[in-house]
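Structure, as structure tokens:
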Amino acid sequence: MKRIVLFASGSGSNVENIVTYFSGHSNITVSCVLTNKRDAHVLDRCNRLGVPAFYFNKAGFVNTPLVLQLLKCLEPDLIVLAGFLLKIPPDLVNAFPGKIINIHPALLPKYGGKGMYGKHVHIAVKSEGESETGITIHYVNEHYDEGAIIKQFKVEIAKEDTVDQITAKVHALEHRHFPQVIEDILLES
Ligand code: GRF
């Protein structure tokens, strides 16, 4: 069995979608979900889905090797950031070369970097009057949103689309494509 460890900080709709996609899969399983937000809705989803989940605070993540040690015990084949908001420390990036991926809700290199997350991305896309947006699935390095791009998917946006409508279109793209890309990476590795 290949093992996925998911990281998330928020609602966790991608986490739920990924867990559902791989439930009953013959070669791939989600080992657990890690979060840095004690009140994140993703934890409710994990409880409902019966998926093991662990919370750590920022001090534990940034100042100690404890999360790294946990990950080493879990022996993941892929670490997937699905709406995870903290920067991954260099020792963790170095311990899992080519094994950490992220999803970004825009077409990188546009609308990436520090501060570009969640609604902020879609507000910026809207205010630039873009006619399309999309998602980028990429490897993680020590810099926000700068690792090698694995796949991008686009969606058209109309002038009259609100930020909420753009958000919904991007979420739909994420839900449609992210599990499949994860599966392809794991089956090719
Ligand atoms: C997604 O749009 C993802 O691209 C971004 O954070 C959002 C997480 O959404 N990195 P959810 O928590 O999975 O619903």
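Not measured: the values here are computed from a predicted model. Whatever order the structure lists them in is the order used to number ligands and atoms, beginning at 1. Atoms considered below: every heavy atom in the structure, side chains included; atoms not considered: hydrogens, waters and symmetry mates.
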Problem set entry | From Glu128, His120, Glu130, residue fulfilling side chain to side chain donor-acceptor pair (under 3.5 Å) relative to Tyr111 | Glu130

Exercise. Are any of the N/O atoms in Ile103 less than 3.5 Å from those in ligand 1?
Worked result: yes

Exercise. Would you find more than 12 non-hydrogen atoms of other residues, nucleotides or ligands less than 6.0 Å from Lys87 atom NZ?
Worked result: yes

Exercise. Nearest to atom 9 (O) of ligand 1, what protein heavy atom do you find, and at what distance?
Worked result: His171 NE2, 3.2 Å

Problem set entry | Atom indices of ligand 1 within 4.0 angstrom of Ser11 heavy atoms, with elements | 12 (O), 14 (O)

For this session: Just go through Pro105, Gly12, Gly83 and tell me whose heavy atom is the nearest to atom 7 (C) of ligand 1.
Result: Gly83

For this session: Keeping the roles fixed (side chain from Asn17, backbone from His175), state whether a donor-acceptor pair exists under 3.5 Å.
Result: yes

For this session: Answer with yes or no whether the side chains of His122 and Thr133 bring together a donor and an acceptor at under 3.5 Å.
Result: no

Seminar exercise, completed: Glu174 heavy atoms within 4.0 Å reach ligand 1 at atoms 1 (C), 2 (O), 3 (C), 4 (O)

For this session: Measure the distance from atom 14 (O) of ligand 1 to every protein heavy atom, then report the residue, atom name and distance (to 0.1 Å) of the closest one.
Result: Ser13 OG, 2.5 Å

For this session: Verify whether one side chain among Arg45 and Ser11 offers a donor that lies under 3.5 Å from an acceptor in the other.
Result: yes

Exercise. Out of curiosity, is Val170 lining ligand 1, as in a heavy atom under 4.0 Å away?
Worked result: no

Exercise. Does Asp145 come within less than 4.0 Å of Lys114, counting only side-chain N to carboxylate O?
Worked result: no

Exercise. Hey, does Asn102 come in under 3.5 Å of ligand 1, counting only N/O atoms on both sides?
Worked result: no

